[in-house]
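Here the structure is laid out as structure tokens; the discussion comes afterwards.
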Amino acid sequence: QWVYNILEKKAEADRIVHENPDPTNGFVLVPDLKWNQNQLDDLYLIALVHRREIKSLRDLTAEHLLLLRNVLQEGKEAIVKRFGVPGSQLRIYLHYQPSYHHLHVHFTALGYDAPGSSVERAHLLADVIDNLAMDSMYYQKRALTFPLRADEPLFKKFQEAGKV
């Protein structure tokens with residue numbers, strides 16, 4: 001609900017850094033709640049796409065390339081304009097598995113070791129775009145590894161299925 005409240009401007013409207021209002025290929029860029037916006041060393045913003053049916057990396061196909069390119073380009077432009085941090089100093093990625101099932105993209109300062117920015121969980125947006133340009137169904141076909149904590153319900157399900 002938090003995501004929908006932001007997208008519908010019922011919450012945090014004053015925190016929006018950038019919005020592309022297109023319902024198909026647009027998004028909202030907001031500072032992550034973990035970032036206090038007082039320094040740039042731990043810069044952290046989230047792009048929330050307007051489309052509600054895209055839940056995670058697994059749902060993406062070549063149909064979403066314009067949306068993803070918009071997020072990448074407009075997100076970088078908005079961050080350099082507002083915060084003076086160029087795209088070359090950003091890590092721009094998606095999580096798999098995501099912490100919530102509404103497609104969102106993380107923008108963090110390159111030097112910031114943000115939670116979940118490690119290779120086991122983070123997929124660089126530029127790589128995602130390239131993979132989908134090569135194969136529209138890339139993320140439906142590809143095996144994706146991801147870490148799980150021992151106390152996570154999904155880990156328990158893997159254990160019960162004998163997969164761990």
Side-chain angles (χ1 to χ4, degrees), residues 1-61 63-132 139 144 146-149 152-154:
Q1 191 58 50
W2 168 77
V3 171
Y4 300 141
N5 287 342
I6 292 172
L7 292 173
E8 295 167 7
K9 315 259 187 343
K10 293 178 182 175
E12 301 187 45
D14 58 322
R15 294 173 35 94
I16 293 174
V17 171
H18 175 77
E19 179 175 16
N20 176 328
D22 184 280
T24 303
N25 296 308
F27 65 99
V28 171
L29 183 66
V30 294
D32 189 275
L33 296 174
K34 292 186 249 343
W35 183 41
N36 66 18
Q37 300 182 60
N38 290 333
Q39 67 283 328
L40 299 177
D41 292 346
D42 59 350
L43 176 136
Y44 198 148
L45 294 99
I46 300 285
L48 303 165
V49 302
H50 285 299
R51 292 177 65 171
R52 295 182 182 208
E53 76 278 7
I54 309 171
K55 303 296 184 192
S56 79
L57 185 62
R58 283 282 187 210
D59 295 326
L60 295 172
T61 66
E63 172 207 341
H64 305 109
L65 283 170
L66 181 56
L67 167 64
L68 298 173
R69 288 178 177 135
N70 286 349
V71 170
L72 181 63
Q73 188 61 38
E74 293 177 29
K76 290 193 297 189
E77 290 170 1
I79 290 171
V80 76
K81 183 177 178 181
R82 174 74 70 92
F83 303 106
V85 178
S88 63
Q89 296 302 305
L90 297 172
R91 180 180 293 114
I92 306 165
Y93 58 95
L94 297 87
H95 281 151
Y96 191 80
Q97 291 273 334
S99 52
Y100 51 94
H101 287 87
H102 180 98
L103 189 72
H104 58 285
V105 177
H106 302 258
F107 287 75
T108 63
L110 196 54
Y112 176 46
D113 188 20
S117 64
S118 63
V119 70
E120 296 85 13
R121 187 155 176 226
H123 297 263
L124 296 175
L125 181 56
D127 291 346
V128 171
I129 290 169
D130 286 348
N131 291 336
L132 291 171
Y139 291 100
L144 295 172
F146 53 90
L148 289 172
R149 292 185 317 273
E152 290 186 63
L154 185 55

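This is a predicted model, so every value here is computed, not measured. Positions are given from 1 along the sequence.
- Between I79 and F107, the shortest heavy-atom contact is CD1-CD2, 3.5 Å.
- A salt bridge links K9 with E19: at least one charged nitrogen is closer than 4.0 Å to a carboxylate oxygen.
- Residues D130 and V128 have side chains not in contact (no heavy-atom distance under 4.5 Å, counting atoms from C-beta outward).
- Aromatic rings of H106 and Y44 (six-membered ring for Trp) have centroids within the 6.0 Å cut-off, being under it.
- Side chain of N25 to backbone of D22: no donor-acceptor contact under 3.5 angstrom is found.
- Side chain of R91 to backbone of L110: a donor-acceptor contact under 3.5 angstrom is found.
- Within the model, atoms CG of L67 and CG of L103 stand 7.0 Å from one another, a figure rounded to the nearest 0.5 Å.
- Classification of the Y93-H95 ring pair by plane angle, with boundaries at 30° and 60°, yields tilted.
- In this structure, the separation between CG on L57 and NE2 on H64 is 11.5 Å, given to the nearest 0.5 Å.
- Atom CG in L29 sits 8.5 Å away from atom CG in L48 (nearest 0.5 Å).
- For the pair Y4 and R52, the tightest heavy-atom approach, listed with the atom from each and the gap, is CD2-CZ, 3.4 Å.
- Among all heavy-atom pairs drawn from L60 and L132, the shortest one is O-CD2, 3.6 Å.
- A distance of 7.5 Å separates OH in Y112 from NZ in K34, rounded to the nearest 0.5 Å.
- When all heavy atoms of R82 and I16 are compared, the pair lying nearest together is NH2-O, 3.7 Å.
- The CG atom of N20 sits 4.5 Å away from the CD atom of E74 when rounded to the nearest 0.5 Å.
- Proximity of a side-chain donor or acceptor of D32 to a complementary backbone N or O of I46 within less than 3.5 Å is not detected.
- Between R51 and E63 there is a salt bridge, since a side-chain N of the basic residue sits under 4.0 Å from a carboxylate O of the acidic one.
- Taking the six-membered ring where tryptophan is involved, the planes of H18 and F27 are tilted, since the angle between them lies from 30° to 60°.
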